[in-house]
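Only a predicted model underlies this, so the values are computations on that prediction, with no experimental measurement involved. In what follows, residues are counted from 1 in the order of the sequence shown.
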Amino acid sequence: DLHLIINGWQTLLSKVRQELPDAKILLTTNYPDPQQETQAKKEYGVRIFLRQPFTRSGVEQALRALEGSQPVETDVKFKESLPKVRVPVRYKITFPYVVLALLLALAAAYLVSQIVVDTI
């Protein structure tokens, strides 16, 4: 696991590299950490990172990539377990403000028209 207690993964990987220099290493991680992933790639030759939630097909895909039977992806992602975002975040943020501005404009137009009608 990439998040072992206080750099435990680095100690473990250095021992593995000393004992078995040709070993193929697959690291798991709860959440992405680009700095540690880059360090693991450069210093210890880690090619595959599994992120939670683990699925059977994702683990099988990662193991096939380690065997060399399919192209190596540096980060195996499990698309079937992640929800698809259908609306861009920009619209999710701006839409409530646009609706609020329209409501305020309608309320202001109603008030102005009532005042104009009352004065006539």
Side-chain angles (χ1 to χ4, degrees):
D1 192 347
L2 190 61
H3 299 286
L4 286 175
I5 302 170
I6 308 175
N7 297 330
W9 66 273
Q10 294 168 333
T11 307
L12 178 65
L13 287 180
S14 63
K15 288 182 182 179
V16 168
R17 282 292 172 216
Q18 288 174 357
E19 297 290 324
L20 303 165
D22 295 332
K24 297 175 182 176
I25 299 172
L26 181 142
L27 279 177
T28 62
T29 180
N30 290 338
Y31 54 92
D33 187 348
Q35 183 179 9
Q36 287 185 344
E37 289 178 9
T38 303
Q39 181 183 6
K41 287 177 190 177
K42 288 182 180 178
E43 294 180 17
Y44 303 104
V46 176
R47 300 186 321 162
I48 306 292
F49 294 91
L50 282 176
R51 294 201 174 123
Q52 288 186 353
F54 304 128
T55 61
R56 181 182 179 108
S57 63
V59 172
E60 289 173 354
Q61 179 185 1
L63 292 175
R64 280 194 303 272
L66 279 178
E67 291 173 356
S69 62
Q70 73 181 32
V72 175
E73 296 180 30
T74 57
D75 181 22
V76 176
K77 296 181 181 177
F78 305 117
K79 295 178 182 174
E80 66 270 3
S81 64
L82 298 176
K84 292 185 178 182
V85 178
R86 297 174 191 257
V87 179
V89 174
R90 179 185 334 172
Y91 298 133
K92 287 182 179 181
I93 293 171
T94 57
F95 181 72
Y97 291 109
V98 169
V99 170
L100 181 64
L102 286 173
L103 287 174
L104 288 174
L106 288 173
Y110 175 76
L111 288 175
V112 168
S113 66
Q114 288 299 319
I115 292 172
V116 169
V117 168
D118 286 344
T119 58
I120 293 178

Engineer: In a table with atom names and distances, give each donor-acceptor pair under 3.5 Å that connects a side chain of residues 109-118 to protein atoms at least two apart or in another chain.
Structural biologist:
| residue | atom | partner | partner atom | Å |
| --- | --- | --- | --- | --- |
| Ser113 | OG | Ala109 | O | 3.2 |
| Ser113 | OG | Tyr110 | O | 2.8 |

Engineer: My understanding is that only residues two or more places apart in sequence, or in another chain, count here; which of them pass side chain to side chain contact (heavy atoms under 4.5 Å, CB included) with Val99?
Structural biologist: Phe95, Leu103
Engineer: Just jot down the salt bridge (charged side-chain N to carboxylate O under 4.0 Å, His left out) partners of Arg90, sequence neighbours excluded, or say none.
Structural biologist: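 Here no residue qualifies.
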